[in-house]
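Data first, discussion second: the structure below is written as structure tokens.
These numbers come from the heavy atoms of this one structure, side chains and all, not from hydrogens, waters or symmetry mates. Both ligands and their constituent atoms are indexed starting at 1 by order of listing.
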Amino acid sequence: MNVLLIGSGGREHALAWKIAQSPRLATLFAAPGNPGIAECADCVDLDIADHQAVASFCREKRVDLVVVGPEAPLVAGLVDDLAAFGVAAFGPSREAAQLEGSKGYTKALCAEAGIPTAAWMRFDDATAARAHAEGRPAPMVVKADGLAAGKGVTVAMTKEEALAAIDDCFAGLHGAAGASVVIEDFLEGEEASFFVLADGKTALPLVTAQDHKRAHDGDNGPNTGGMGAYSPAPVMSEALVAQTMAEIIQPTLAAMAERGAPFRGVLYAGLMITAVGPKLIEYNVRFGDPETQVLMMRLDSDLLPLLDAAARGVLAEAAETAGPIWSDDPALTVVMAARGYPGAYEKGGAIRGIDKADALPGAKVFQAGTALRDGEIVAHGGRVLSVTARGATIAEAQARAYRAVDAIDWPEGFCRRDIGWRAMQEKSS
Ligand code: AMP
Ligand code: GLY
């Protein structure tokens, strides 16, 4: 098979690394890719916002499957437009991508299908939103309705913070994404990331993972795209997985099929495990970053047949013949970010030692925001590397990942030193 992977982050490097190992692969292309992805794929300079150009490339290169990494092209309808040109793609349609593209869409679906989630209201103007917030007890959560690159959510510990977040949204801080605002109750519990592959009818759960969203040790500091992750997530017992499938995932897939927008691709449920069971915080319609890096490290079987089957609506058959087979060994990834992230940061610092880190037992460095300058890898984004390792225990995976981090010479970078702390605590208790 010829495959085109869309995206350029650590998630896509992990997917490329895994797809490149498939016996079914002929050529892997990536658009736009990054220097890490270029080690396992042909990176091509395609404007992914130009859907017709992507389709023409696929025809010319006889691409059998397009795998879409990030949410923006999905919400923009890339998969629909490729389908119109007869090109198969892994990922949801424009309408099904609304599960991530609009928080209000998902909340309305939860109400309709009886899916447990925080109580919420949506507002199109500041006066009504402020009046609602005035009448609610803090803490509460204020969210821009649309895609805001992970920055549209404020967990407001006080009423004043909530009012300020409402004003920011309606003042245009998040652009069009903030034209309407969802205000919801604060949920207490432990968060987990839960992924299923879906083909519109069948859902296949993947192993569990958990990420660390806060920038600093002890889960303090501002929210980020994710500073590290590990798999499995001890909080997600088998019983909780079954409950999540029955109460959240299956009703969602059934409701989407009923709406005429069957969900195909990977559905990522952000969950809060509360005292009364799992509740949906949000859906994403793509793999998590950096959770994908640890999932791919634990996947011992071929990924490509599963992605292909999900795209073609034959996932049940593929699951019987093609796994997935997961290693029992945990995996853990540490994100190295540019100093200052998620605020302002500098680009361009040289990064050395990736090869040394890769050579360590069980370790693999996935590249995210990197670029090549005069033959040298330099930092080119906020989250720059995902230093990942597998081990016989979570403690070994953690020790190996940090050994690999310490092999990397990048003075302008930083990372958390406590990724996996919760899993280590639960293991030893
Ligand atoms: P979201 O983009 O909706 O996943 O929100 C980003 C982060 O904000 C989540 O990962 C949670 O840590 C937090 N969050 C969002 N909604 C809630 C909620 N209702 N209660 C508590 N925390 C929340
Ligand atoms: N790890 C969080 C995300 O991918 O959105």
Residue portion contacting ligand 2 (non-hydrogen atoms closer than 4.0 Å) for Glu291: side chain

Any heavy atom of Val155 under 4.0 Å from ligand 1? The part involved is side chain

Would you check, one step at a time, whether the test side-chain contact (heavy atoms from CB on, under 4.5 Å) holds for Ile115 with Glu247? CA-CA 6 Å; Ile115 294 165; Glu247 294 178 3; over 6 Å; no

Evaluate the criterion side-chain contact (heavy atoms from CB on, under 4.5 Å) for residue pair Arg214 and Asn220; output intermediate values, then yes/no. CA-CA 6 Å; Arg214 301 302 186 110; Asn220 293 310; 5.7 Å; no

Interfacing atoms of ligand 2 (cut-off 4.0 Å, heavy-atom, Asp211): 1 (N), 2 (C)

Region of Val141 engaging ligand 1 - heavy atom pairs below 4.0 Å: side chain

What's the separation between atom CZ in Phe90 and atom CG in Leu74, rounded to the nearest 0.5 Å? 9.5 Å

Work out whether the distance between some heavy atom of Gly226 and some atom of ligand 2 is less than 4.0 Å. no

Which heavy atom of Tyr341 sits nearest a heavy atom of Gly225, and at what distance? OH-N, 3.0 Å

Shortest non-hydrogen separation from Arg298 to Asp329 and the atoms involved: NE-O, 3.0 Å

Do the side chains of His216 and Pro222 get nearer than 4.5 Å, heavy atoms only? yes

Counting from 1, what ligand 1 atoms have a heavy atom of Lys103 closer than 4.0 Å? 2 (O), 3 (O)

Considering the heavy atoms of Phe186, write down every atom of ligand 1 situated less than 4.0 Å from one of them. 20 (N), 21 (C)

Below 4.0 angstrom from a heavy atom of Leu187, which ligand 1 atoms are there? Numbered from 1 as shown, please. 18 (C), 19 (N), 20 (N), 21 (C)

Any N/O pair Asp289/ligand 2 closer than 3.5 Å: yes

Is a salt bridge present between Asp406 and Arg417, judged by a nitrogen-to-oxygen distance below 4.0 Å? yes

Does some non-hydrogen atom of Tyr268 fall short of 4.0 Å from ligand 2? yes

Quick one: which ligand 1 atoms are inside 4.0 Å of a heavy atom on Glu184? 16 (N), 17 (C), 18 (C), 19 (N)

May I ask whether Arg286 places a heavy atom under 4.0 Å from ligand 2? yes

Could you tell me whether Glu282 and Lys103 have a side-chain N and a carboxylate O separated by less than 4.0 Å? yes

Can you measure from SG (Cys415) to CE (Met336) and round to the nearest 0.5 angstrom? 5.5 Å

For Thr154 and Ala156, indicate whether the former's side chain and the latter's backbone hold a donor-acceptor pair under 3.5 Å. no

Within the structure, does Gly288 bring an N/O atom to less than 3.5 angstrom of an N/O atom in ligand 2? no

Mark the output for Met272 as yes if a heavy-atom distance to ligand 1 is under 4.0 Å, and as no if none is. yes

Nitrogen or oxygen atoms of Ile281 and ligand 1 under 3.5 Å apart: no

Need the ligand 1 atom indices (1-based, order shown) with element for anything under 4.0 Å from a heavy-atom of Lys213. 10 (O)

At a 4.0 Å cut-off, with the gap strictly under it, does some heavy atom of Asp185 reach an atom of ligand 1? yes

Can you tell if the side chain of Val3 reaches within under 4.5 Å of the side chain of Phe29, non-hydrogen atoms only? no

Taking only heavy atoms of Lys143, which atoms of ligand 1 are found under 4.0 Å from at least one of them? 3 (O), 15 (C), 16 (N)

